[in-house]
Trainee: 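If you scroll down you'll find the structure; I have some questions about it.
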Protein chains: 2
Amino acid sequence: MLLRIDTTSEESLFEQVATAVRTAIAQGEARAGDRLPSARELADSLGVNVHTVLHAYQGLREEGLIDLRRGRGAVVTEVGDAIAQLNRDIVELGKRAKALGMSPATVVALVKASL
Amino acid sequence: MLLRIDTTSEESLFEQVATAVRTAIAQGEARAGDRLPSARELADSLGVNVHTVLHAYQGLREEGLIDLRRGRGAVVTEVGDAIAQLNRDIVELGKRAKALGMSPATVVALVKASL
DNA sequence: ACCTATTTGTCCGTATGTATG
DNA sequence: CCATACATACGGACAAATAGG
């Protein structure tokens with residue numbers, strides 16, 4: 001799992017970390033039961049603070065993607081696997097939307113409306 | 001096609017009108033070849049200026065959703081139909097996501113990442 | 001085919017608020 | 001604080017397309 005962070009981006013750092021990890025799971029790079037890098041480990045390799053990674057991890061826990069336990073680290077849940085199943089269709093959907101000239105905001109609005 | 005506008009919203013009026021019409025098309029309330037209400041008609045029913053609605057319509061024309069010609073009004077294009085089809089698939093995706101126990105926030109995040 | 005009245009979007013300018021320098 | 005630029009929303013006048021007789 002190789003992640004990158006853009007310190008010049010307007011998106012907050014913890015959001016970028018969360019998105020990166022989520023994407024990795026969605027792409028099947030980490031499956032149910034797999035252990036993610038520890039917060040300290042990941043923070044070091046990204047050059048950000050440990051709390052930034054923990055903030056991201058806690059968000060992913062609230063989404064149900066990972067279990068987070070003291071002493072054991074972050075483990076991908078079954079929900080994480082379900083995401084990988086759906087991600088391919090989501091990517092396909094994104095391509096179609098782009099081909100139709102739809103703005104990302106429009107697509108996101110439609111998705112939100114359907115949930 | 002029943003639209004509503006929130007004059008207290010921070011979103012600009014013409015954007016709200018555009019979003020409302022776009023959503024109506026996405027939901028199949030107006031299909032290819034159908035005529036939308038004239039700008040004056042819609043403006044009256046929404047309580048905004050004609051030009052505000054026209055501004056929204058012109059934006060939708062640039063997106064390719066409608067044809068706009070004087071004397072004839074706004075007509076939904078084939079692209080409008082394609083978006084409606086896309087929206088049906090989005091709804092289907094939402095159902096699957098829910099069945100898999102994925103949180104709405106996760107789905108939205110994945111869609112954003114794919115765009 | 002003609003004329004005219006209506007419908008409809010386009011073009012002109014103006015006021016107001018919001019950044020930007 | 002001031003000046004400038006830009007976008008939004010509004011109003012009036014205009015011209016093209018349409019509809020009816």
Trainee: Test of understanding: with side-chain contact (heavy atoms from CB on, under 4.5 Å), list the residues that count as partners of B:D89, not counting sequence neighbours.
Mentor: A:L93, A:R96, B:Q85
Trainee: Does B:H51 make a side-chain donor-acceptor contact with the base of C:dG9, cut-off 3.5 Å?
Mentor: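 When only heavy-atom distances are counted, B:H51 does not reach the base of C:dG9 through any donor-acceptor pair under 3.5 Å.
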Trainee: Taking the side chain as every heavy atom from C-beta outward, state whether B:V75 and B:D34 have any pair of such atoms under 4.5 Å apart.
Mentor: no
Trainee: Could you check which residues of residues 31-46 of chain B get a heavy atom under 4.0 Å from DNA chain C? Sort them by number, please.
Mentor: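 Nucleic-acid contacts, sorted: B:R35, B:S38, B:A39, B:R40.
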Trainee: Could you check which residues of residues 52-68 of chain B get a heavy atom under 4.0 Å from DNA chain D? Sort them by number, please.
Mentor: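 Correct list: B:T52, B:H55.
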Trainee: Expressed as a whole number of angstroms, how long is the span from B:R70:CZ to C:dC11:C1'?
Mentor: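 Going from B:R70 (CZ) to C:dC11 (C1'), I get 9 Å.
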Trainee: Side chain of B:T23, backbone of B:T19: donor and acceptor closer than 3.5 Å?
Mentor: yes
Trainee: Would you check if the side chain of B:S9 reaches a backbone N or O of B:D6 as a donor-acceptor pair within less than 3.5 Å?
Mentor: no
Trainee: Could you tell me whether the side chain of B:Q16 and the main chain of B:E11 form a donor-acceptor pair under 3.5 Å?
Mentor: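 Yes; at least one donor-acceptor contact below 3.5 Å.
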Trainee: Once rounded to the nearest 0.5 Å, what's the spacing between atom CG of B:L86 and atom CG of A:L110?
Mentor: 7.5 Å
Trainee: Go through A:V107 and B:K112 one step at a time and tell me if the side-chain contact (heavy atoms from CB on, under 4.5 Å) criterion holds.
Mentor: CA-CA 9 Å; A:V107 181; B:K112 280 183 181 172; over 6 Å; no
Trainee: Using the ring pair (Phe, Tyr, Trp, His ring centres under 6.0 Å) rule, collect all pairs that involve residues 11-34 of chain B, keeping only residues at least two apart or in two chains.
Mentor: B:F14-B:H55
Trainee: Quick one, which residues of residues 7-22 of chain B touch DNA chain C with a heavy atom under 4.0 Å?
Mentor: none
Trainee: Please check if any side-chain donor atom of B:S103 sits under 3.5 Å from a side-chain acceptor atom of A:E63, or the reverse.
Mentor: no
Trainee: Taking five pairs at each end, how big is the angle between the two axes of the helix from C:dC2-D:dG21 to C:dG21-D:dC2, to 10°?
Mentor: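 Answer rounded to 10°: the end axes differ by 20°.
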Trainee: Kindly indicate, with the supporting measurements, whether the criterion side-chain contact (heavy atoms from CB on, under 4.5 Å) is fulfilled by B:R61 and B:D67.
Mentor: CA-CA 6 Å; B:R61 171 170 60 185; B:D67 284 329; 5.9 Å; no
Trainee: Under the 3.5 angstrom rule, does the side chain of B:D81 hit a backbone N or O of B:R31 as a donor-acceptor pair?
Mentor: no
Trainee: Working note: B:L65 + B:V76, criterion side-chain contact (heavy atoms from CB on, under 4.5 Å); need CA distance, chi angles, decisive distance, verdict.
Mentor: CA-CA 6 Å; B:L65 269 74; B:V76 179; over 6 Å; no
Trainee: How about B:L115 and A:V108: do any of their side-chain heavy atoms sit closer than 4.5 Å?
Mentor: yes
